[in-house]
Amino acid sequence: MRFDVEKAKNVQTLLAPRIVERDMFVYPPRNVAGVDVAYLEDYAIGAAVLMDYEGLYVIETAVAAVKVDIPYVPTLLAFREIPAMAKAVKRLRSRPDVLLVDAHGKIHPRRLGAASHLGLILGIPTIGVAKKHLYGRDLGGNIVNGNEILGRKLDRGIYVSVGHMVSLDTAVKIVEKLRLYSLPEPVRRAHKLADKVKNMVKLGELDLEKIVDEGLNGVFS
DNA sequence: GCGACAG
DNA sequence: ATCTTGTCGC
């Protein structure tokens, strides 16, 4: 067993105290990016879409792929997804002011969901945006655990929580503004991009190995 | 022991 | 997350 579950949990417990819950960027942000991952066999394809916060137009996109060894274990998703997400974000030529991650942030048993973990590793403000419940109790829209507020559940079943370097109120404000559809645009587009690349690789229209060592950049819409 | 369990 | 066809509706 190359993946030590207990050790991974200890890493989360150790890193959680480093999360900053204050806005460490100028609000409103100039631009925001969304990241997501798609899987194809034993590879993870990460996609990042950078958009203008006010105009909601795409500035640039980046795709990266990495081989994945780690299995999916509930609450330890970060260890499986972060390599691909981090690589995609780093391939962006501009550094996003805020990053929206398709995963939970503080809504996590040890307060370090993948969105928080990624923000800590990249040193970029992050917001957790998830579609399903993972942890905590719903108390009138607030996801709580005892007296602690971990995040918020918005309409259409979207969970928002602090990733890193952002307050919950600001995180919610940003997500709401970017919600043209259920998911905030940057995340929805990153999901579509990762999915599209995955299918193109399947159809032989793209070479996965080439994406693994060179990545893919674009300036689409 | 039982149920829950992001992507 | 992934697999997987058609179908209903704006």
Side-chain angles (χ1 to χ4, degrees), chain A residues 3 5-6 8-9 11-13 15-16 19 33-49 63-89 99-121 126-139 142-146 150-154 156-164 168 171-172 175 180-184 186-203 208 211:
Chain A
F3 184 57
V5 172
E6 289 313 309
K9 290 182 178 177
V11 168
Q12 296 179 324
T13 300
L15 296 179
I19 293 301
V35 274
D36 193 22
V37 178
Y39 293 90
L40 180 54
E41 292 166 5
D42 49 349
Y43 282 90
I45 300 170
V49 176
V63 174
V66 297
K67 193 157 193 170
V68 288
D69 300 291
I70 297 162
Y72 166 64
V73 178
T75 75
L76 299 180
L77 175 68
F79 296 90
R80 180 175 163 80
E81 301 212 323
I82 282 184
M85 295 194 292
K87 196 172 177 184
V89 174
L99 194 55
L100 286 92
V101 185
D102 187 32
H104 284 293
K106 190 177 181 180
I107 300 175
H108 180 279
R110 288 168 294 286
R111 312 297 184 264
L112 196 84
S116 298
H117 201 150
L118 180 64
L120 215 45
I121 286 177
T126 58
I127 294 173
V129 181
K131 319 171 207 62
K132 293 179 183 174
H133 170 273
L134 167 68
Y135 177 78
R137 194 160 73 72
D138 187 335
L139 227 188
N142 279 319
I143 301 304
V144 308
N145 180 246
L150 307 178
R152 199 157 298 155
K153 182 174 183 178
L154 308 185
R156 288 177 282 179
I158 292 300
Y159 297 80
V160 177
S161 61
V162 169
H164 184 38
L168 180 57
V172 170
V175 169
L180 264 42
Y181 296 101
S182 186
L183 284 173
V187 173
R188 189 179 71 85
R189 297 205 185 210
H191 185 291
K192 285 183 59 181
L193 178 55
D195 190 59
K196 183 183 179 183
V197 169
K198 180 192 71 178
N199 286 309
M200 285 180 77
V201 168
K202 276 194 182 181
L203 296 174
L208 185 55
I211 299 175

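Between the C1' atom of C:dA1 and the CD1 atom of A:Ile82 lies a distance of 17 Å, rounded to the nearest Å. Separating the CD1 atom of A:Ile143 from the C1' atom of B:dA6 is a distance of 13 Å, rounded to the nearest angstrom. Straight-line distance from the CD1 atom of A:Ile107 to the P atom of B:dC5: 14 Å, rounded to whole Å. Protein atom CG of A:Leu112 is 17 Å distant from nucleotide atom P of B:dG7, rounded to whole Å. Rounding to whole angstrom units, NZ of residue A:Lys9 and P of B:dC5 are separated by 16 Å. In this structure, CG of A:Asp138 is placed 17 Å from C1' of B:dC5, rounded to the nearest angstrom. Whole-Å rounding puts the A:Ile45 CD1 to B:dG7 P distance at 18 Å. The OH-P distance, from A:Tyr72 to B:dG7, rounds to 7 Å in whole Å.
Taking only side-chain nitrogens and oxygens, A:Lys198 comes nearer than 4.0 Å to OP1 or OP2 of C:dT2. An OP1 or OP2 oxygen of B:dA4 is reached within less than 4.0 angstrom by no side-chain nitrogen or oxygen of A:His133. Taking 4.0 angstrom as the limit, A:Lys106 places none of its side-chain polar atoms (N or O) nearer than this to OP1 or OP2 of B:dA6. Between A:Lys131 and B:dC5 there is no side-chain N or O to OP1 or OP2 distance below 4.0 Å.
Between the side chains of A:Thr75 and A:Arg110, a donor-acceptor pair is found at a separation under 3.5 Å.
If you check every strand for non-hydrogen atoms under 4.0 Å, A:Ala114 touches a base. As judged by a 4.0 angstrom heavy-atom cut-off over every strand, A:His108 is placed among the base-contacting residues. Using a 4.0 Å heavy-atom distance criterion, A:His191 is classed as a sugar-phosphate-only contact. Heavy atoms of A:Leu76 sit under 4.0 angstrom from at least one base atom.
Relative to the side chain of A:Tyr39, the nucleotides B:dA6, C:dA1, C:dC3 differ in distance, and C:dA1 lies closest. When the nucleotides C:dT2, B:dC5, B:dG7 are ranked by their closest atom to the side chain of A:Leu134, B:dC5 comes out on top.
A:Arg188 places no side-chain N or O within donor-acceptor distance of the main-chain N or O of A:Pro186, the cut-off being under 3.5 Å. Using modelled atom types, one side-chain atom of A:Thr126 and one backbone atom of A:His164 make a donor-acceptor pair closer than 3.5 Å.
Note: A:His133 and A:Tyr159 have perpendicular aromatic rings, judged against thresholds of 30 and 60 degrees for the angle between ring planes.
In this pair, A:Tyr159 does not lay its aromatic ring on the base of B:dA6; centres under 5.5 Å and planes under 30 degrees do not both hold.
A 6.0 Å sphere centred on NZ of A:Lys131 holds more than 12 heavy atoms belonging to other residues, nucleotides or ligands.
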